[in-house]
Amino acid sequence: MNDADDLIKEKLEEYPDEVRKLAYEVVKLSARGISDVAVAEQMESMVKRIIKNRGAQIDTLKA
Amino acid sequence: MSGDIRVKTDIRYRNLYNDLKNFAVGDMHELFFICVCVGYREGTKTALSNSGDDRFWSRTITPEEYACYYAIMLDQNSMDLTSIKDDKNVIGEMEKYANAGMELLIQDFLRNYLQSSSELRISPSDAKDLPKDLLHYIYDQIQ
Amino acid sequence: MNFRQFKGVQSISFAPEKSSSGRNVTVIFGQNGRGKTGIFRAIMFCLYGEHKLSQDEDISAKELLLVNTAAVREASEKGNHAEAYAALIFKHGEDRYELKRSLIGIDKNGERIEQVESVVLFHTSQDGNTSIYKDPDDIRIRVNEILDENVKDYFLFDGEKIQRLTLASLEQRREIARGIRNLLKVNALEKAIKSSAILRRQIAQEISKKATGEYARIVASISKAEENKSVLTEAAVRLEENISLAKIEKKKIDKKMEECKEILHLVQERKEAENRLVALEEELKNYYGEIKGKTGKLSLLLLSSTVDKVFERIDHKKKKGEIPAEMRSDLIEKILQEMRCICGREIHRKTEEFAAIIAWKNKLTDSVLDDAALDVWRFLSSLRSNRDDTRDAAEALLQKCAVCQNEIEKSRAKIGSLNSLIGGSERKDAADLESVREKIEQDQVRSEAELLKIKDQMKHIQDELQVLIEQRKKLEKDENLKNELIQRASLIEDTHSALQAVFDSFTAEIKQKIAAEANYFFRELIASESGKALGKIIVNEDYSLQITDRWNNHFLANISAGQRQIMSISFIVALAKVASADKILEMPLFMDTPFGRLSFEHRKNILQKVPKLCAQWVLLVTDTEFRKTEAELLESGGCWGNFYMLSNDDHGVTQIKGMTISDARLILSDALGGE
């Protein structure tokens, strides 16, 4: 973690949880030196996981 | 001084408001205030066409601007204090003055800065001195 | 082992971090050519596999030999190759790293051949688990995550060539900017935005294949707008580059023209006039910024008569006691409801008391309205009292603008006439250069106009996109968001917007932070007299530096080498502080012969203050710049940890010899007189 990381986290605070976490994970991935396309692919997996969890949460509430 | 009212302007001036905010003034509420002053000074108000277009929240209006709006309402209603009871009504009236004010600004001043006579957009290449010219225009009005 | 001048296995232990012992300074002492820079070179080779440092620009990789020559000769005589390596043990956060990079050297038919053999990284995490990495690409990624190689040269301060930081070429500045942006995670943010944009495009394509009706139309419009925005963004970047290149080309031509003595004074005069023009345009821009905040305030003077009338009427009511009312209307209502006076006595209808109460009630206004009227009175009073100031301020601002514009016109006219004189010169080479310069100038002006247009178009598209996205969101909400594809698109869209918003404010803030820190350190380190004429350090868009004089003019070309060095040191420490975790420099700060150009007061400031600003400080010094005085200054701060002397043995090989500080002080020269 560093000053720049703190600043990014602080600025993401005002966003909803899902957006905040996803955005921060994408920034961390991007810092690792892999290609844009590779980051996009990993981001897609994360998005699918989040949406799937949403569905599971709704089902749990319904049950 | 209510902060929850969506202040509207005429839909024809949507782009012009955005452009002027970029080129000539700080914030939307300031530009709206300028238009109200210009319109009220000429004693003209014009209803918005098609129920208007949301422009900004009333919470950005400064207390000084609100005081001026109340002063206008009191003046045009013979100091009847009930005329300033309902902020929605106050804002509604100011919207009409602002609408007329913008029409006047276009006729008297802004036409030299527009992209074309039909297109209500500021031409960036002509807008370099717009802030100073607008201030000059207002300054000349008060002399 | 066997690296450069260091034959055999030799090691240095850098004084540990401040937090553990308080002694974080290592002094490596030796005459020129003994291998001081070689120690930094070993670290860079180990971390990045780099053979060359920035100072080796003019040397080819083949000429730069890393394996110790004596070792190669000895091995070659036996028909073998010599092995060499550089190994580094370091901590980053709570993790421990051990990195070793090996190479071999051999003399073949009088030709020296060197080859990198292997690299291995041991990473022990906080929980004690050790991972081993042998893939060079993998190791490169991991090391770059800790410290991007583009900024490595920032952490070696070469006192002789400090200009690099402040006089870098465009290409060097781009590389530096890239490295700094990586260090500060700006690159990561940009990449995150690009990647989320890629994903957004992909999912938009998926949706457009499945969407119908109004939703399909909006999705298609958004796609088109995004595409247009992309095209315009690329065009804007190209234009910005063209403009940058044009400025550089003009500078080169001016430099060439200076060689032509006949027109030298004209070229110099033109340069000054152009600089003045830039400063005036900046001044005018600032005035316009001020004006934007003043026009609204001035407009209320258009309502002066109304403001006065209303103010006087409310004031009159106040004086008559009508506002606020002598009695509150809610109290009267309560009395009438309960039919009981405040003293407790019952009130009956058709009595005198009842009639008096009704008369009072009729006179009263709502207390809320009373308060509102009083607020209006108060604000109008304040507006009236500030009226003259508002008018005067507007008048003063308009006058300043007029004067400034007049000066701008004069400058332009002067430049125009100088252009004609230079172009009309009898020297054909000067005239030719001038006509090339004119063409570049025209191209630059055209590019700038085109860029303005494109930025305006991009703004329109962005406004349009905002409206379309809101419409799409509304439709998605109406669709109840059951559709998984739509949910994904919505989340990606929100994340992309969030990243973009964060990027915009983040980059501005981080630059401001660096500039603020750099200016703080600059004031700490610069000698008091030397700093009086100087204003502040400015960090440009590309992270290059500028400094102003106290009248806010650009002054970089006029500062001394010593002041430039202090400026660069301040920037580095600021950069590292902003990028570091615990508010101190994580990367050890190396300074190679830092004192050569510095006066005594500067040296004193650096020796006393820099150890407190960084985790580890390694000073590579010669005998003429580090003497008893410097040793005393360093010792007085209580931060001096280790001392190593580099000396040649009888075979010309450098030996690293660790010494205690008290022994070290015995071998140092005395101070020069006057210090």
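Because the structure is predicted, anything quoted here is derived from the model rather than measured. So you know, we letter chains A, B, ... as the sequences are listed, proteins then strands, and number each from 1.
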Handout entry: Thr295(C) and Glu30(B), any side-chain heavy atoms less than 4.5 Å apart
Key = no
Handout entry: Side chain, backbone, both or neither of Val36(B) within contact of chain C (heavy atoms, under 4.5 Å)
Key = neither
Exercise for the section: With rounding to the nearest 0.5 Å, note down the distance linking CD1 in Ile138(B) to CD1 in Ile291(C). Expected result: 12.0 Å
Exercise for the section: Answer with side chain, backbone, both or neither: which region of Thr82(B) has an atom nearer than 4.5 Å to a non-hydrogen atom of chain C? Expected result: both
Problem - Lys285(C), part contacting chain B, at a heavy-atom distance under 4.5 Å - result: neither
Completion exercise
One option among Asp27(B), Asp19(B), Leu134(B), Asp129(B) has the most heavy-atom pairs under 4.5 Å with chain C, and it is Asp129(B)
Exercise for the section: Applying side chain to side chain contact (heavy atoms under 4.5 Å, CB included), run through His460(C) and Arg121(B) and close with a yes or a no. Expected result: CA-CA 10 Å; His460(C) 289 339; Arg121(B) 297 224 65 148; 2.4 Å; yes
Exercise for the section: Evaluate the side-chain proximity of Asp75(B) to Lys309(C): yes if any heavy-atom separation is below 4.5 Å, no if none is. Expected result: yes
Practice task
Determine which residues belonging to residues 393-406 of chain C lie within contact range of chain B, meaning some heavy atom pair is under 4.5 Å apart, and list them by number or answer 'none'.
Solution key: Ala394(C), Glu395(C), Leu398(C), Cys401(C), Gln405(C)
Practice task
Anything in residues 58-66 of chain B with a heavy-atom distance to chain C below 4.5 Å? Please list those residues in order.
Solution key: Pro63(B), Glu64(B)
Handout entry: The single option from Val38(B), Ile34(B), Val25(B) passing side chain to side chain contact (heavy atoms under 4.5 Å, CB included) against Ser299(C)
Key = Ile34(B)
Problem - Any Leu383(C) side-chain heavy atom under 4.5 Å of Cys68(B) side chain - result: yes
Handout entry: Side chain to side chain, Leu74(B) and Ile314(C), heavy atoms closer than 4.5 Å
Key = yes
Practice task
Count the heavy atoms belonging to other residues, nucleotides or ligands that lie under 6.0 Å from NZ of Lys453(C), then report whether that count exceeds 12.
Solution key: no
Completion exercise
In short, Ala71(B) meets Leu380(C) closest at the heavy-atom pair CB-CD1, 4.1 Å
Exercise for the section: Could you pull out the closest heavy-atom pair between Ile84(B) and Ala372(C), with the gap in Å? Expected result: CD1-CB, 4.0 Å
Exercise for the section: Could you pull out the closest heavy-atom pair between Cys37(B) and Leu302(C), with the gap in Å? Expected result: CB-CD1, 3.9 Å
Handout entry: OG-CZ distance between Ser78(B) and Arg313(C), expressed to the nearest 0.5 angstrom
Key = 7.5 Å
Problem - pair Phe33(B)-Leu300(C): side-chain heavy atoms closer than 4.5 Å - result: yes
Problem - Closest non-hydrogen atom pair, Val376(C) against Ala67(B) - result: CG1-O, 4.1 Å
Handout entry: Interface residue of largest heavy-atom contact number with chain C, from Tyr70(B), Tyr137(B), Tyr139(B), Phe32(B), under 4.5 Å
Key = Tyr139(B)
Handout entry: Most contacts with chain B, counted as non-hydrogen pairs under 4.5 angstrom, among Asp456(C), Leu298(C), Leu284(C)
Key = Leu298(C)
Fill in the blank from the handout: Output for pair (Lys292(C) NZ, Leu130(B) CG), nearest 0.5 Å, gives 9.0 Å
Problem - Which atoms of Arg391(C) approach chain B - backbone, side chain, both or neither, heavy atom under 4.5 Å - result: both
Practice task
Take atom NZ of Lys132(B) as the centre, draw a 6.0 Å sphere, and report whether it contains more than 12 heavy atoms from other residues, nucleotides or ligands.
Solution key: yes
Problem - Part of Tyr40(B) lying under 4.5 Å from any heavy atom of chain C - result: side chain
